[in-house]
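Scroll down for the structure; my scribbles are underneath it.
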Amino acid sequence: MMELLAVLLGLVVLAIPVGVIYLLVAQSGLRGRIATLEADVARLMAGAPTTKPGELSPERDNPKTPATSPKRAESKDKAPAQPAEPAAARVVAARKAVKPPPTPNGPSRGQIALSWAVNNWFYVVSALSLALAGLFLVQYGVENDLFPPTARVLAALAFGAVLIGGGEVIRRRYGDGPDRASAYIPSVFSGAGLVSLFGAVAAARLLYDLIGAEVAFAGMASVGLLGVVLGWMHGPLLTTVGVVGAFAAPLLVGSTVPATNWLYLYFGIVTAVGLAVDTLRRWAWVSLLSVALGFGMGWLTLQGGGTSLTVGFQVFVLAIAGLAILIPARSVWPDHDGLLVSGWAMQHSGPRTGFPTALAFVAVAMASLGLIWTSGIGADAFWPGVTGLVVLAVALALWSLSAPALQDMALLPALGLIGVVALEGQMGGSVVRAFEAAYAESAEADYPIAVTMLWGLGLGLSALAAGRALRPGFGVAWAIGAAVFAPAMAIALEVTWQPAQVIGAYPWALHAMVMAAVMVALALRFARVDSEDKTRASLFVLSAMAAISFGLVLILSSAALTVALAITVLVAALLDRRFDLPLMQLAVSVGVIAVGARLIANPGLPWALDAPVWEILLAYGGALATFVASLWAISGKGRVSATVMLDTAAWSTGGTLMSLLLFRLLERMSGVDNSNSHWAMGLYATIWLGLMTAQLLRLQDLGGLLGVVRAGLAAVFGLIGFGALALGLTLLSPLLTNWGSDVSGPAVFNTLLVAYLFPAIVLGLAAWQLRYRFLRLGLSGVAVGLSAVWAFAALRHVWQGAQGMELSNGFLQPELYSYTVALLVIGAALFYQSLARGSTMLRRAGLVVIGLAVAKVFLIDISGLDGLTRVLSLVVLGLSLAALAWFDRWAQARASSD
C-alpha cells in the first residue's frame with residue numbers, strides 16, 4: 001500500500017510542472033487577447049477606426065493621399081503657385097543644419113540573455129523539473145530497489161522518449177515560435193527528454209555496468225545526434241537544456257564508483273553536440289557554454305579520479321581545443337578569417353574579432369594551461385603534456401595556412417612548452433631528477449636522452465615556424481618566432497636543468513653549434529627568398545650568433561670567452577657592412593653589453609686584479625681592438641645606436657685597461673698585494689668616473705629611451721666612483737689613518753698621484769666637455785678640491801716621508817712655510833692666466849688663493865716664527881701682497897680699456 005502511495009505521489013510531482021505549464025500557456029493566450037481588446041478600446045476613444053493587429057489605416061495604406069479638408073484644398077487652389085525649388089532647397093538646408101540624434105547602442109548579449117531569463121524563468125524551471133524527474137526516477141529505483149537495473153534504465157529511456165515525443169507533437173500542432181501561445185513548450189519537453197536519455201546511458205555504464213564502453217559511446221553519439229536535430233528544429237532553449245543537463249547527468253545519477261577515463265569521452269561527446277548545434281544555427285553562446293562546461297567537468301573528473309586520470313585529462317583538453325576550432329569551420333581545415341585576437345587587443349577601437357576566432361583562442365589558452373598544470377605531476381604526465389603542447393602548436397601552424405586568424409594562437413602552446421620545461425627543472429621534478437642521476441651509479445650508463453629530445457623539439461618547432469614564414473601570412477612574426485624559440489628552449493634548459501653538469505660542457509656545446517648551423521642554413525634560405533629586404537635573414541643571423549656565443553660560453557676560459565664575444569660583435573658589424581643588414585645593430589648592442597658585463601662585473605675587475613697581465617691584455621686589449629674595428633666597419637652606414645654603443649665601449653674599455661695596467665705596475669713597485677689601499681680606491685674611482693663621463697658625453701646627443709638608459713648608467717657608475725673616492729679620502733687616506741697602506745714611490749711621482757690627481761683630471765675633463773651647467777660647476781668644484789688634496793699630500797710626503805703622513809704627527813716649520821709659498825705661487829699663476837685669457841673669474845680665484853695664504857700666515861705660520869725670521873717673513877709677505885695689489889689694479893684697468 002505504501003509503495004502504491006509513493007508511486008501516486010511521484011505521478012503528482014511529475015504532473016505539477018505539466019499543470020503549471022498548461023496554466024501559463026493559457027494565461028499567455030488570454031493576456032494576448034486582452035492586449036488586443038485594450039488597443040481597440042483606445043482607438044475607439046480616440047475616434048479612429050479599429051484595426052486588426054498588423055493592419056494599416058487608410059491613410060497609411062495610401063501615404064500619398066493628402067489628409068486635408070476640402071476647404072483647405074480649395075484655399076490652396078486659390079493661392080498663388082510657389083516655385084518648388086526654393087522650398088526643396090530650404091528643406092535640404094534644414095536637414096543639413098539639424099544633425100540626426102546619435103543612434104543609441106543596443107543592449108549587450110548579456111543583457112538580452114538576462115532579460116529573456118527574467119521574462120521566461122518559468123520555462124527554465126519547468127525544463128529543470130522535468131529533467132530532474134527522469135534522473136531521479138533512476139535514483140528512486142536504486143534507493144528503494146523497486147526494479148532491476150535493466151528496468152530502471154529502460155524506464156529512464158522511456159520517460160525521455162515520451163517527453164521528446166510530446167514536445168514534438170506540441171511543436172507540429174501548435175508551433176514553437178515566440179509569437180505563439182505554446183512558445184518554448186516543445187523545447188522544454190524535448191530538452192528534458194534529452195537529459196533523461198543522457199542520464200539513462202550514463203547510469204547503464206557508470207552505475208550498473210550493463211553496457212561496454214563501445215555501446216555507451218554509440219548511445220551517447222546517438223543521443224547527441226538527436227540533440228543536434230532537435231536543436232535545429234526547436235531553438236536555443238532546447239539546446240541549452242540538453243547541454244547543461246547532459247553535463248550534469250553523471251553528477252545526478254548518484255554513482256558511488258570513482259571517476260574513470262570514460263567520463264572524458266562522455267563530456268567530449270556532449271561538448272561536440274553543443275558545438276555542432278552552434279555551427280548549424282549560429283547560436284554563439286551555446287558553443288561558449290559547451291566549451292566552458294567541458295573544461296570545467298573535465299577538471300572535476302580529474303579531481304575526483306586522482307593522478308591516474310592525468311593523461312586522460314591531457315588528451316581531453318587537447319580534443320576540446322581541436323573541437324572548438326574544427327566544428328565551427330565544419331572541416332578538418334579551419335577557415336577562421338578576419339582580425340587576430342592580438343590585433344584586437346592592441347587597438348583602442350575598431351572591429352572586433354569574430355566569435356569563432358575568439359572561441360578558438362579561449363579553447364587553446366585553456367588547453368595550454370591544462371597541459372602545463374598537469375605536466376608537473378610526474379614522469380608519466382610530463383612527456384604526454386609535452387607531446388600535447390607540440391601537437392597543438394604544429395596543428396595551429398598548419399591550420400593557419402587556411403585560417404589566418406589562428407596565427408597568433410600558435411604562440412600559446414609554444415610558450416607553454418618552454419614553461420613546462422623551465423618549471424620541471426626549477427621544481428626538481430621526477431624527469432629532471434632521473435636525468436641528473438643518469439651517471440650516478442655507473443659512468444658507462446646509457447646517455448640521458450631527455451635534454452636532447454627537448455632541445456630537438458625546440459629546434460623542430462623553429463624549423464616549422466621558418467617554413468610557415470615562407471607561406472602567406474605574417475612572415476616577419478613567424479621568422480621572429482623561428483629565430484627565437486630554439487635558443488629560448490636551450491636557455492631554459494641551461495638555466496634550470498644545467499645539462500653541462502651531467503653530460504659535460506663539450507657535448508652540450510655541440511648542441512649549440514648544431515643549432516647555429518641550422519640557423520645559418522635558414523638565413524641563407526631567406527636571403528635568397530628576400531632579395532632586397534634582409535630583415536628575416538638578419539633574424540636568423542642573430543640567432544646563429546647567439547647560439548655560437550652560447551657554445552663559446554660553455555667551453556672557453558674567462559679571457560678567451562670575452563674575446564670570443566667581442567669577435568661576434570665585429571662579425572655582426574662586418575656582416576652589416578657586407579650585406580646591409582640593419583638588424584645587426586641589435587647584435588652589436590647586445591654584444592657590447594655582454595662584453596661590458598664580463599669586463600666590469602663577471603668576472604670583471606675582481607678577476608683582472610689577480611689575473612696574469614697577459615690575460616688582462618688579451619681580454620681588455622682584444623675587446624678594445626674589436627670595438628675600434630667594429631666602429632670602422634659600420635662607419636657611413638647611419639647606424640646611430642650601434643655607433644654610440646661602440647664608441648662608448650671603446651673609450652670605457654681603453655680607460656679601464658690603462659687603469660688596470662697602472663694598478664698592476666704600482667702593485668709591483670710597492671711590493672704590496674693589497675687592493676684595499678688609497679691608490680686602489682683612486683684607480684677604482686678613475687675607472688668608474690671615466691665610465692660615468694663617457695655616458696654623460698653620449699647623453700648630450702641622445703634622447704628617448706636610450707637617453708634614459710644612459711642617464712641611469714651614468715648615475716650608477718657615478719655612485720660607484722664617488723663611493724670609492726670617498727673611501728680613499730677618509731677610511732683609507734694616508735693623511736687620516738694607516739689602514740690604506742703607506743705611500744709608495746718617489747716624491748711627487750708616487751701613489752698619491754693615482755689616488756687623487758687622476759680622478760681630478762677625469763672630472764676636470766668631464767667638466768670641460770659637458771654642456772650641462774650644474775654638472776660643470778659641481779664636477780669642477782670636486783676636481784679642484786681633489787687637486788688641492790693631492791698637492792697638500794704631495795708636499796707633506798716631501799717633508800714627512802711615507803711613515804709620517806698622518807696629520808696626528810704634527811707639522812714641521814719649513815713644511816708650513818712651503819704650503820704658504822705654494823699658495824702664493826698658485827695665486828700668481830691664476831693672476832697670470834686671468835691676464836692671458838682676460839678672465840675675471842680666474843682673477844677672482846687668484847685673489848681667493850692669496851687670501852688663503854695671508855690667512856694661513858697670520859693664523860698658523862706666525863705663531864711658529866721668532867726673531868729676524870718672523871720679520872723677514874712679514875716683509876716678504878707685505879712686498880708680495882703690494883706687488884699683487886698693483887698687478888690686480890693694472891689687470892682691471894686693462895680689462896676695462898679692452
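It should be emphasised that the depicted structure is a prediction, and the values quoted were computed from it without experimental measurement.
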Handout entry: side chain to side chain contact (heavy atoms under 4.5 Å, CB included) evaluation trace for Leu457 with Met489
Key = CA-CA 9 Å; Leu457 289 175; Met489 176 64 77; 5.6 Å; no
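- Thr568 places no side-chain N or O within donor-acceptor distance of the main-chain N or O of Met545, the cut-off being under 3.5 Å.
- For the pair Tyr264/Leu309, a side-chain contact is recorded, criterion being any heavy-atom separation below 4.5 Å from C-beta on.
- Distance OG1/Thr357 to CG/Leu340: 7.5 Å, rounded to 0.5 Å.
- Pairing each heavy atom of Ser543 with each of Ala483, the nearest pair is OG-O, 2.8 Å.
- Gln426 and Thr496 share no side-chain donor-acceptor pair at under 3.5 Å.
- Using modelled atom types, one side-chain atom of Gln314 and one backbone atom of Ala381 make a donor-acceptor pair closer than 3.5 Å.
- Taking 4.5 Å as the limit, every side-chain heavy atom of Ser375 sits out of range of all side-chain heavy atoms of Trp383.
- Taken to the nearest 0.5 Å, the NZ atom of Lys534 stands 12.0 Å off from the CE atom of Met584.
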Problem - Steps toward side chain to side chain donor-acceptor pair (under 3.5 Å) verdict (Trp508, Glu494) - result: CA-CA 9 Å; Trp508 183 227; Glu494 169 64 21; 2.8 Å; yes
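- Within the 4.5 Å cutoff, no side-chain heavy atoms of Val270 are placed close to those of Ser290.
- Pairing each heavy atom of Ala466 with each of Ala482, the nearest pair is N-CB, 3.5 Å.
- By the 6.0 Å contact criterion, CZ on Phe474 is open, its count of non-hydrogen atoms from other residues, nucleotides or ligands being 12 or less.
- For Phe526, the ring-ring contact (aromatic ring centres under 6.0 Å, His included) partners at least two apart in sequence or on another chain are Phe540.
- At least one side-chain heavy atom of Val341 sits less than 4.5 Å from a side-chain heavy atom of Asp408.
- The two residues Val332 and Leu326 make their nearest non-hydrogen contact at O-CD2, 3.5 Å.
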Practice task
Under the side chain to side chain contact (heavy atoms under 4.5 Å, CB included) rule, what do Asn261 and Val315 come out as? Steps first, then yes or no, please.
Solution key: CA-CA 10 Å; Asn261 284 317; Val315 176; over 6 Å; no
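- Counting heavy atoms from C-beta outward, Arg528 and Leu524 have side chains that approach closer than 4.5 Å.
- Put simply, the residue from Leu412, Val317, Leu417 that forms a side-chain contact (heavy atoms from CB on, under 4.5 Å) with Ser368 is Leu412.
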Practice task
Tell me, with the steps shown, if Trp497 and Glu424 meet side chain to side chain donor-acceptor pair (under 3.5 Å).
Solution key: CA-CA 8 Å; Trp497 291 54; Glu424 179 71 14; over 6 Å; no
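- Partners of Phe485 according to the ring-ring contact (aromatic ring centres under 6.0 Å, His included) rule, which considers only residues two or more places apart in sequence or in another chain, do not exist here.
- Across all their heavy atoms, Ala379 and Val431 have their closest contact at CA-CG2, 3.8 Å.
- Atom CG of Leu371 sits about 4.5 Å away from atom CG of Leu389, to the nearest 0.5 Å.
- Relative ring orientation between Phe313 and Trp373 is described as perpendicular, the plane-to-plane angle rising above 60° on a 0-90° scale split at 30° and 60°.
- More than 12 heavy atoms of other residues, nucleotides or ligands shown are found within 6.0 angstrom of CD on Gln303.
- When the salt bridge (Lys or Arg N to Asp or Glu O under 4.0 Å) test is applied to Arg536, the partners found at least two apart in sequence or on another chain are Asp530.
- From Ile320, atom CD1 reaches atom CD1 of Ile325 across 11.5 Å, with rounding to the nearest 0.5 Å.
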Practice task
Please step through side chain to side chain contact (heavy atoms under 4.5 Å, CB included) for the pair Arg468 and Leu401, ending with a clear verdict.
Solution key: CA-CA 8 Å; Arg468 181 62 182 82; Leu401 291 171; 3.6 Å; yes
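- Between Ala486 and Met519 the shortest heavy-atom distance is CB-CE, 4.0 Å.
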Practice task
Just do the side chain to side chain contact (heavy atoms under 4.5 Å, CB included) check on Val590 and Ile593 with the steps written out, would you?
Solution key: CA-CA 5 Å; Val590 174; Ile593 293 173; 5.7 Å; no
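- Atom NE2 in His336 sits 13.0 Å away from atom CZ in Phe361 (nearest 0.5 Å).
- Across Leu392 and Ala367, no two heavy atoms sit closer than the pair CD2-CB, 4.4 Å.
- Contact annotation: the side chain of Glu436 never approaches that of Gln501 to less than 4.5 Å [non-hydrogen atoms, C-beta and beyond].
- By the 4.5 Å heavy-atom criterion applied to side chains, Phe295 and Phe267 are not counted as neighbours.
- In this structure, the side chains of Thr271 and Leu293 stay at 4.5 Å or more apart for every pair of heavy atoms.
- One distance of note links CG of Leu459 with CG of Leu454; it measures 12.5 Å at 0.5 Å rounding.
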